[in-house]
Amino acid sequence: SHEQSERAIDGNEWRIIRRDGTLMPSDEYASVRALQEGTLIQNVEMGIPRRDGTTSWIVTSAAPTGIPGFDLVIAYQDISTLVRKEDELFRNEQMLQLYLEKMPQPMLLTDAKGTILRINRAITSLYGYSAEELVGENPRVLNPGLQVYRELGYSAEDYEELFSSLWCDIQDAQKGGWQGTLVNRKKDGNLVWAGLQIRTIFDANGQITNYIGLPNDITSYINRAKESRIEMYRTIASLSELRDNETGNHMRRVGIFARLIARELGLPAKYCEDIELFAPMHDIGKVGIPDSLLLAPRKLTAMEFDHMKRHTELGHAIVAGKPEMDIAADITLYHHEWWNGSGYPQGLSGSDIPLAARITTIADVYDALRSHRPYKNPWSHEEAMAEITGKDGTQFDPSIIASLLRVAKSFEDVYRELED
């Protein structure tokens, strides 16, 4: 019981030793803390002196029961043999290095401040750095930095949250570590996606002594997952081809045109990749428009055109609510909005129109003008450019028009290469 436990502690009937050899004050005993704080204490390591002068080492967990008369449940495991072997290993430099080198798992050991103390051969194989180059450094030397993360689609807030949560978790005695995905840079400059597990080592007093980092190269997995997503997105985009006069090359060209503009605007690489994937989905809502309207070789009546406008909302309904498709949702709903506010479906104007939709609008209009339609002959590159630039500030964003002019030659080359 609680009363009996306190008598035993106060009467010095038993003592607890820390790994550094000092005596632990009674108010730091796991059982007392558990009772006083009403919390679960897990995996506290302690040494119990024996009559023969040796020490028994245990890992103990304690938790309040909430049952009158049975205040505390303590579970423990004898780890004396493991501790002796561990101490022997860490005192013997050759044995420790041999142990590390035999590990197939990449591993690095740091002190409490994060300074690398040791690495194994698997770390060298993964990152290309020798022990001499990494020991004494902080693992942040492997971090390619915020700009690279931004190119891969992380915002500055995402980046800050990623690393702040990592440090919070590894310093939390209850969590005792962190697991997640980071982007690292190898010595040769190439990037590697690392599935990282960090384990925190605490002494018997609860103080952090070391961190163990266990990274795994998951780049191939990330790439395979990306390829699968790309194939899925292309399949979704192709749905609109089934109901429209558009061709696969039209979809492909619109994506490439959108990427060219995005890149010229200086947008992150991940954004440029995504808009190339999602711009071809702009008319996916046309799957819900009747053939009598969609394939009509004539000008639609006002009522028919109002019905045709619904394809923006229908397309948005297909892709909305999926975080990885936020750009697609913006494109499908807003690609018919005009810079001066006279577009549809919401009459947005200026920068209120999502950037991805403003880019896709120009890419789509250029390709539509260049392409043959039942109601029109194809326009030349020069005619299409004149038409688009003539609507600078009315239908189109002036800054995007300026970017279009800088990549106009690339537009013409792409259209010729992928002409239907």
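These figures come from a predicted structure and were not determined experimentally.
- S130 and T124 get closest at one heavy-atom pair: CA-OG1, 4.2 Å.
- Annotation for Y211 and D111: closest pair CD1-O, 3.5 Å, computed over non-hydrogen atoms.
- Proximity of a side-chain donor or acceptor of S349 to a complementary backbone N or O of N340 within less than 3.5 Å is not detected.
- Side-chain contact between L267 and I261 is absent, with no heavy-atom pair separated by less than 4.5 Å.
- Between L214 and R199 there is a side-chain heavy-atom pair separated by less than 4.5 Å.
- Residues L404 and I400 fail the side-chain proximity criterion, which asks for heavy atoms closer than 4.5 Å.
- A pairwise comparison of heavy atoms in A156 and L146 identifies CA-CD1, 3.9 Å as the closest pair.
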**Message:** Would D392 and T389 count as a side-chain hydrogen bond (donor to acceptor under 3.5 Å, both in side chains) here? Give the steps.
**Reply:** CA-CA 5 Å; D392 183 345; T389 56; over 6 Å; no
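- Distance alone, capped at 3.5 Å, is enough to place a donor-acceptor pair between the E337 side chain and the G347 backbone.
- Y127 and P215 get closest at one heavy-atom pair: OH-CB, 3.6 Å.
- Screening S403, S410, C272 for a side chain to side chain contact (heavy atoms under 4.5 Å, CB included) involving E264 leaves a single residue, S403.
- Screening R310, H311, E304 against H307 for a side chain to side chain contact (heavy atoms under 4.5 Å, CB included) leaves a single residue, R310.
- Between M325 atom CE and L277 atom CG the span is 9.5 Å, to the nearest 0.5 Å.
- Between K309 and T312, the shortest heavy-atom contact is O-OG1, 3.0 Å.
- A parallel orientation is assigned to the rings of F411 and F257, their planes being inclined by less than 30° (bins at 30° and 60°).
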**Asked** Checking side-chain contact (heavy atoms from CB on, under 4.5 Å) for the pair I362/D397: CA distance, chi angles, key distance, verdict?
**Response** CA-CA 9 Å; I362 289 181; D397 178 347; 5.7 Å; no
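- Within the 4.5 Å cutoff, no side-chain heavy atoms of L134 are placed close to those of L108.
- Taking N210 as the reference, nothing meets the side-chain hydrogen bond (donor to acceptor under 3.5 Å, both in side chains) condition, with sequence neighbours excluded.
- In this structure the side chain of V365 never reaches within 4.5 angstrom of the side chain of K391, judged on heavy atoms.
- Judged purely by distance below 3.5 Å, without hydrogens or angles, the side chains of N223 and S220 never pair a donor atom with an acceptor atom.
- Partner of H335 under the side chain to side chain donor-acceptor pair (under 3.5 Å) criterion, chosen from T360, T361, D283, D364: D283.
- We find the CG-CD1 distance between L126 and I119 to be 10.5 Å, quoted to the nearest 0.5 Å.
- To the nearest 0.5 angstrom, I331 atom CD1 is 9.5 Å from L355 atom CG.
- Using a distance-only test at 3.5 Å, with no hydrogens or angles considered, a donor-acceptor pair links the side chain of N120 to the main chain of Q105.
- In this structure, the separation between CD on Q197 and CD1 on I170 is 12.5 Å, given to the nearest 0.5 Å.
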**Prompt:** Between W339 and R358, does a side-chain contact (heavy atoms from CB on, under 4.5 Å) hold up when you go through it step by step?
**Reply:** CA-CA 8 Å; W339 182 255; R358 285 180 268 148; 3.8 Å; yes
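- Side chain of E412 to backbone of H381: no donor-acceptor contact under 3.5 angstrom is found.
- Panel note: side chain T209, backbone I201; a donor-acceptor pair is recorded below 3.5 Å.
- Heavy-atom neighbours of E417 CD from other residues, nucleotides or ligands within 6.0 Å: at or below the threshold of 12.
- By the ring pair (Phe, Tyr, Trp, His ring centres under 6.0 Å) test, Y159 is found to be paired with Y149, F163, residues two or more places apart in sequence or in another chain being considered.
- Rounding to the nearest 0.5 Å places OH of Y415 at 3.5 Å from OG of S371.
- A heavy-atom distance below 4.5 Å is not found between the side chains of L265 and Y271.
- Looking at every heavy atom in both residues, V254 comes nearest to A363 through O-CB, 3.7 Å.
- In this structure, the separation between CD on E133 and CD1 on I116 is 11.5 Å, given to the nearest 0.5 Å.
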**Asked** Yes or no on side-chain contact (heavy atoms from CB on, under 4.5 Å) for I318 and V287, after CA distance, side-chain angles and deciding distance?
**Response** CA-CA 10 Å; I318 293 172; V287 296; 4.1 Å; yes
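- A salt bridge is absent between D413 and R416: the closest approach of a Lys/Arg side-chain nitrogen to an acidic carboxylate oxygen does not fall below 4.0 angstrom.
- Panel note: side chain R370, backbone W379; a donor-acceptor pair is recorded below 3.5 Å.
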**Message:** For Y129 and K186: C-alpha separation, side-chain torsions, deciding distance, then whether side-chain contact (heavy atoms from CB on, under 4.5 Å) applies.
**Reply:** CA-CA 8 Å; Y129 289 100; K186 299 182 180 183; 5.8 Å; no
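- Residues E313 and L333 are in side-chain contact: their nearest non-hydrogen atoms beyond the backbone lie under 4.5 Å apart.
- Here the side chains of E160 and E157 are not in contact, with every heavy-atom distance at 4.5 Å or above.
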